[in-house]
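No experiment lies behind these values; they were computed from the predicted model shown. What's counted below: heavy atoms across the whole structure, side chains too, no hydrogens, waters or symmetry copies. Proteins get letters first, then strands, A, B, ... in listed order; numbering begins at 1 in each.
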Amino acid sequence: MNTRIFSTIGSRLLGALPSLAAVIVVTFVIMRLLPGDPAAFFAGPAASAEAVEQIREQLGLNRSLPVQFWDYLGDLAQGDFGQSFTTGQPVAADLVSRLPASLELTIVALLIAVVLGLPLGVLSATRPNSWVDQVTRLVTTTGTCLPTFFTGLVLIYVFYYLLGWSPAPLGRLDLMYSPPPEVTGFYTIDAVLAGDWEVFRSALAQLILPAVTLGFFALAPLARMTRAGLLGVLSSDYVRTARACGLSSRVVLTRYALKNTLVPILNTMGMVFSYLLGINVLVEKVFAWPGVGSYALEALVASDYAPVQGFVLAIAVLYVLLNLSVDIACGLVDRRLAR
Amino acid sequence: MTPLLSLDAVHKRFPLGEKPGLLARAFGANKPQSMLHAVENVSFDLHPGESIGLVGESGCGKSTLVRLVTRLLDTSEGRILFNERHIGDVPAHDFARHAERARIQQVFQDPTDSLNPRFTAFDCIADPLRRLGATPLPEAKPMSAAAVKARVEEAADQVSLPRALLARYPHQLSGGQKLRVGIARGIALKPQLLILDEPTSALDVSVQAVILHLLAELRRELGLSYLFVSHDLNVVRLLCDRVMVMYLGKIVESGPVEAVFAAPKHPYTQALMAAVSKFDPDSGETRIRLTDDPQSPIDPDPHCCRFYSRCYKKQRACEQAMPERDGKSVHQVACFFPNRLDEAS
Amino acid sequence: ALADARKETLLVVIESGPNSLDIHGVGTNRPAYGTSWNVYDRLMTYGVKKLANGTEMYDYKTLKPELATKWEIAKDGKSVTFHLRRDAKFHDGTPVTAADVKWSFDRAVTVGGFPTFQMKAGSLEKPEQFVVVDPYTLRIDFLRADKLTLPDLAVPVAAIYNSTLAKKHATPDDPWAMAWLKNNEAGGGAYQVASWRPGSEMVYTRFEGWKSGPKPKLKRVVVREVPSSASQQALIERGDVDVAFDLSPKTVVDLKGKPRVKLIGTPIENAMWYVGMNVTKPPFNNVKVRQAVAYVLPYQKIFDAAVYGQGIPLYGGAKNTDWPRPTPYKTDLAKAKKLMAEAGFEKGFATTLSFDQGLSFIGEPVALLTQEALAQIGITTTINKIPGANWRAALLKKDMPLMVNTFGGWLNYPEYFFYWTYHGQNAVFNSMSYQNPKLDKLVDAARFETNPAKYKKDVEGFIKLAYDEVPRVPLFQPLVSVAMQPNVVGYRYWFHRQLDLRSLAKR
Amino acid sequence: MNDEKPLFEVTDLSVKFHTRLGEVAVLDHIHLNVGAGETVAVVGESGSGKSVMAFAALGILDPAGKVTSGSVRFADHDLLTLRKAALDDLRGRELAMIFQAPRTALNPILPVGRQIEDVLARHSDLSRSDRRDAAVAQLASVKITDPAKRYHNFPYELSGGMCQRVMIAIALACKPRLLIADEPTTGLDVTTQVVIMDLIAELAAANGMATLLITHDLGLASDYCARIAVMHAGQILESASARTLFKSPRHPYTARLFAATPRPGATLESLTSIPGQLPDLRQPQPPCRFSTRCERVQPGCTEPGLVLTPMPTDSAHLLACRNPL
Amino acid sequence: MERRELVYLLKQNPLTPLAIIMFAVLVFAALFGSVISPHDPFASNTADALQAPSLTYWFGTDQLGRDIFSRVLVGAQTDLGIALAAVLLAAAVGTFLGATAGFYGGRTDATIGRFTDIVMAFPLFVLAMAIVAALGNSVINVVYASAIINMPFYVRVVRSEVAVLRGAGFVEAARLSGNRNPRILWLHIMPSVMPPLVVQMSLNMGWSMLNAASLSFIGLGIRPPSPEWGIMVADGAQYIISGQWWVAFFPGLALTLAVLCFNLLGDGLRDIIDPRQRK
Ligand SMILES: Nc1ncnc2c1ncn2[C@@H]1O[C@H](COP(=O)(O)OP(=O)(O)OP(=O)(O)O)[C@@H](O)[C@H]1O
Ligand SMILES: Nc1ncnc2c1ncn2[C@@H]1O[C@H](COP(=O)(O)OP(=O)(O)OP(=O)(O)O)[C@@H](O)[C@H]1O
Ligand SMILES: [Mg+2]
Ligand SMILES: [Mg+2]
């Protein structure tokens, strides 16, 4: 059993390699298509054409694309993602320091969406076509239709500027606090580990608005999938069997219905999570969140190859792991899928 | 008389699971691929005007055999002769344009599933005419629209489908009507061989009766040959001249309907017969019941009788050699102990 | 404790932060100048003057001691000798010596790129020019008489590095410890870098051993990056931060009249927003077309809508002889149409109007209004918004026919500005590729001219030429604006447009 | 049997469904009863409302369906008015049901043994380990080989016949007094069908259980049931002992149904069909829903007030026809 | 589908008629926006800059004094146009790939599956950003970017539908009728795939609009001065805190409503096409 799981995981990871390789190639090519000239950027505002050429040579940008690609692969193999021009740091270090920020935000957003979305979906599914259902549907659907950048701005305006309930949209911590000692990189968790409740409160307060912005966006897919899945399951033969056997409504709903809806819900969660990681860019921009999304955006605008390449690769790897864990979780729920 | 259709030692094996990938092969996973033996060593002749019934339990390979005959599937081994032409070696995807395509037609099991929901009844029946209507292929011009229309209406009349229904979509038709559309499509090209894969199993008895009459009549009028697949022995008896009993890919018994029904020889046939209701509340209990599960069709032991695990007369010999049908008599059975009915438990 | 800490801590928000701690590094960005300014010392610094509105600003006419207590120009006028402060120490406690100064200057003129270029502007080009006389005395030999030499030693690039420390991290491949100094400081300035998280935050603490000036008041300064100007505004308005630096004009307008916010806007010297026309791209090679453009631009609309009046207009006739100086042009559609007709372009033509996306807060409205106005004389334009790095590349390529852009020179001399923007050497900033030998001669002459009257004549000469031929149409002079809580004092405007933390205090 | 009250009694049951196309009167005043220990079959064509009747009785109708008249009595309980908790107490313990498609009627992600245990947990106070033993024993009782191992199997790991055995094991886990078997063998092979039917009959006999067998297979009904009710388009048209019904059907529909069924010994010529199709229930229906297909229809057939009444000659033979054979 | 069935469905789900009305308004605005807009959406009027909503300027004015109502109205064309073009392109290519993969299976399927996997392995929005950044800011490039990131979804939807239908009885019947593969795929199977495809397209319209607007928001959208809702929100973002909420609010609202319209429409279509989804 265990060896089978390991070999499954192993073969899945092996199977993802070609995709990752393609991601590396495609990103590399797209980045070289960018019209910007990193050498010009690097050379500074007043550089002469010769100076730019000189820099180009220093950076190895005058070599042919295949050679550059080969060099890049060589660096990658050594765990070197290159240097960011914009932050001036090694990309790997930047990613390590920024990825937890994005992940923390995304995970909290997903939690919010799950905590709200699943009950709403259940509510809808158990009262199909009632007004409760319609209102839920309208609200959750509206959630996906709100551009996150717009929601974020409106939330800041209302909750920070007008009401003053939430702290300034200034990233992960109030300016007065310094980050807790790094263990996981998640400030909330690290603060708890360090027993620093003030920092925890501040980190949490900072998280709420951006996470709600993202979470509201993720609400609809989850609520919808729960509703649709549950509706399907509730009208299934085995739920009817369970009812006919006199099992209590609670047991029927949880053990028979919800658990069977879990697989599509888990899949949706995986999809939503990866999608949120992608659109983090917008929320991070609005909330000055020092995550990988805004990092990649800035780098992209600056034609800064290395960070974008590193970011895309990191996310792609993350996706592979995410999909794998979703599949494993689904396999645990429904053994048919584990075969 | 030369047979219309003749199968000679036909096999069909499906590879199971994914082919081992390049990586797996590179790492030395050279376990041979599992094979599902769906049809094994099947030979029979079907004469013009004859109707053969094929019975057997679910998954025994009836549909696979049918699809081999209709050339929707390629055989793994063996020859299929139709009108003395070897059609078994034409790849399935090329058979659509084969000269014999129009001669072998089929009526499908599920009348709903086998009609395109986006086509009207007329289009469903007209489709084969438009594709294969003109003979001989490929030089001939396709049938004119008027000719198609005439033929469709004729076919509809032949299956007693009111012409008014031709404009309807399948979901606007009842089950029996859908089946008539399916039959009309099957006979539109005036085939020589019509294959019926459980045509009435999705219908109620009341509709089934009409269809059975219709089929019998069509056969008489058009001189068709039938290969009739069914799991209902009573129906086979009504419609067929000969019957073949299939078990896990093998024909275990074949013979004239009366002979087989009167004295089934293979233990499986016997169980099958015993399962048929006598429609008599007072009839006595002389029943043979199958115990245990069937063997797996995946990589079966080539030296063991396929029925071994469920057989009430099994002997050592059955485990050591595969019984085959003897080729001489009209009533053939693939069993080492066909006559020891007395040992029934 | 929190409240106490708050009193001695300054919270600053800026749009984006430094990407390096080393101003000599390749690709170092503007905010890094500010870091260098506060973390490193220079030999000299500029004086300070009070403006009419009571705010302070550096005085480019006077130089004051910083690490050097005094300096003297040799009799022959061919060198200058600096005497270093004897008690000065770097942050790690190492005393500052002339060797450190030489190492630093050698580094600046050798590593290439921006520092070398900047040193060159003051005719500081070769390591041999920097001579260690004794541990506390350094001589700089002049290559030529250049009045920019001394001022150039007070700009951020001339920072003094702790060479002992730096050399420890040097490698044969990297003799100047570029890699290490990028992420580590080796300075002796008033502030130390306590922590730096690139892209989000920099924390400075006061260097208690600083001797080069009056002890700074603030113990700790936190500089947070907040890209959204709206957030910046909200933060300062709600009192959550002490200083918001380099605000957008719109934010300034909105903060105006808010009781709890103090605003200071200082015109950026030697800088202007302009519409540039590439004279190598017909029909902009035709001076009449350029003049037509100059006459059709809706100056006042632009000034009102793009910067909300936050700046100094550079159109409609000069009122004094300062630099930058307004042009004689004002919006006059009839004249513009006439000029177009004279140039033979009654029907107009089509072209592309580019601007830097990074500066789109101002650039975009300017471009839109320009587009609208040009349409009146038949010039149809497609707007091309070019992202940051591509903008650099596009400027280098010099193939944009029409652009909205801004430029400012560090050293506040008109000939310095013209050298970079109009001179036939065709530097990047001469984005119009303008070439006129007559103008070149005047600029070159002014640069090394010592006679004030002659100098003045040269300056007037090239300004007139440039304004008559209008390859670039000046629009306005921008401001650098800072908003702070009323209790924050000591803000000083510097040519490098970064915050000088040393003078700031909280009351 | 005639004197005492039957164990299970459906009286005047009508069910309507709310559909996209309007109301559908699926059941029309159904009467049916099953005595203790008795085996009764309901036969009828597809869509005649057999399953709906069973679902209505057990309170597991689709939300779109509404009972519009009648009552369902089981022992001393009126199932239609019983509180949900009380009904849940009965279902699975006293009243059990087996469904048509065994594979889909089992929870796909729960080991089959656990599904039996769930029912035991609901209706008995056995301890955890006892429940487990009971579940294994239950699997053994439906003749599943190696029950302890099968306990852990998921439905997808079992064949259709085995799934049906598990269904039976679940239904009979608490030794109910009434078993409703809704087409328990459709979709199974004929050889498996008889094995399953034998098993049900055997267990019913052993437990003294009443059985209501719902099927469209007349042969099956005749082989296993003492009494048969014939249903057509939501109406019970005739009900009698199997023997009576086969020998002398009185309702034209019953007779037609027999004639249309291929039987051993029948010939193609003797096989006749029923004219017309099942009526479209969305349209208003005449009192006798067969009247539109019936060749013996007479003017009186369209008058209201048609009820299932005992034949004068045989009180166990009920008929709803104005012009019987 | 019968009429009363349709009426019943629309009554059951009151959001669908709402969506249909919104859709009509949207299409009307896109077609006639420039004709009916009360002001010239491009004309600046700095004297009236940043005016609050009033009778003259229903949605107020922006920094350059342009009428936001007119711009929102005309913006419908841009946003709708981009989304429609992107969706059509993605659907066309995605359908072709998905149908081929689903029908032929085997190596073709594996190859196409791998291709979509690769696209999906990217953070999609960032991929769109990169594409626009690489190809340049222009309407057509935004369309390409949107189409590329949408394509995998069509491939998947169509692939799975086709893979199911490939085994349907009517496909075998078509084969027996002498149809060869391409004909079976495109004439027999594809008509049945259209309904889910249309649903997907409707849902994707909304998504594409969001995408285009988001790209504009981060400055990688289409060029000014074309009125586009995302850019208008981005431009308006800086005014929210200073109290000029209308600059961002109305375009944002228009965007939200338009996306909502397509989502509800997609849902409604799904109800109508596939009654099993809702009971
Ligand atoms: N394409 C295929 N690939 C792999 N296995 C197949 C394929 N088609 C059929 N089989 C297997 O071949 C066996 C015979 O299937 P077939 O459909 O011929 O049975 P059948 O007798 O028609 O059954 P039924 O009565 O259920 O229609 C089954 O075990 C089936 O799973
Ligand atoms: N949920 C429902 N909504 C609408 N109509 C329904 C519903 N369930 C059943 N019906 C209708 O009720 C009628 C009787 O259905 P039922 O399932 O009881 O038939 P049956 O006799 O069990 O048929 P079968 O032999 O096919 O199982 C059918 O016409 C069916 O369409
Ligand atoms: Mg079959
Ligand atoms: Mg039923």
Counting distance only, does the side-chain N/O of [X] pair as donor-acceptor with the main-chain N or O of [Y] below 3.5 Å?
| X | Y | result |
| --- | --- | --- |
| Ser160(E) | Val157(E) | yes |
| Arg151(B) | Ala188(B) | yes |
| Thr75(B) | Val10(B) | no |
| Asn211(E) | Ser146(E) | no |
| Asn83(B) | Arg85(B) | no |

Is the closest side-chain donor-acceptor distance between Ser208(E) and Asn150(E) under 3.5 Å?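 Present: a donor and an acceptor within the cut-off.
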Does the separation of the ring centres of Trp207(E) and Phe262(E) fall below 6.0 angstrom?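 For Trp207(E) and Phe262(E), the ring centres are not under 6.0 Å apart.
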Considering residues, nucleotides and ligands other than [X], do more than 12 of their heavy atoms fall under 6.0 Å from its [atom1]?
| X | atom1 | value |
| --- | --- | --- |
| Tyr144(E) | OH | no |
| Phe14(B) | CZ | yes |
| Phe23(E) | CZ | no |

Do any of residues 191-200 of chain E have a heavy atom less than 4.5 Å from a heavy atom of chain B, and if so, which, in residue order? Pro191(E), Ser192(E), Pro195(E)
Counting only non-hydrogen atoms closer than 4.5 Å, can you tell me which residues of residues 167-181 of chain E sit against chain B?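 Checking residues 167-181 of chain E against chain B gives Ala168(E), Gly169(E), Phe170(E), Glu172(E), Ala173(E), Ala174(E), Arg175(E), Leu176(E), Ser177(E), Gly178(E), Asn179(E), Arg180(E), Asn181(E).
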Region of Leu165(E) that comes under 4.5 Å of a non-hydrogen atom in chain B: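 Nothing of Leu165(E), per the 4.5 Å heavy-atom cut-off to chain B.
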Do the side chains of Lys62(B) and Asp197(B) get close enough for a salt bridge, i.e. N-O under 4.0 angstrom?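 Looking at Asp197(B) together with Lys62(B), the answer is no, because their closest N to O distance does not fall below 4.0 Å.
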Taking Arg71(B) first and then Asp89(B), would you say they form a salt bridge - that is, a charged N and a carboxylate O separated by under 4.0 Å?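 Between Asp89(B) and Arg71(B) there is no salt bridge, as every charged N stays at least 4.0 Å from the carboxylate O atoms.
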Region of [X] in contact with chain E, defined by heavy-atom distances below 4.5 Å:
| X | answer |
| --- | --- |
| Phe95(B) | neither |
| Arg130(B) | neither |
| Asn116(B) | both |
| Arg185(B) | side chain |
| Leu115(B) | backbone |

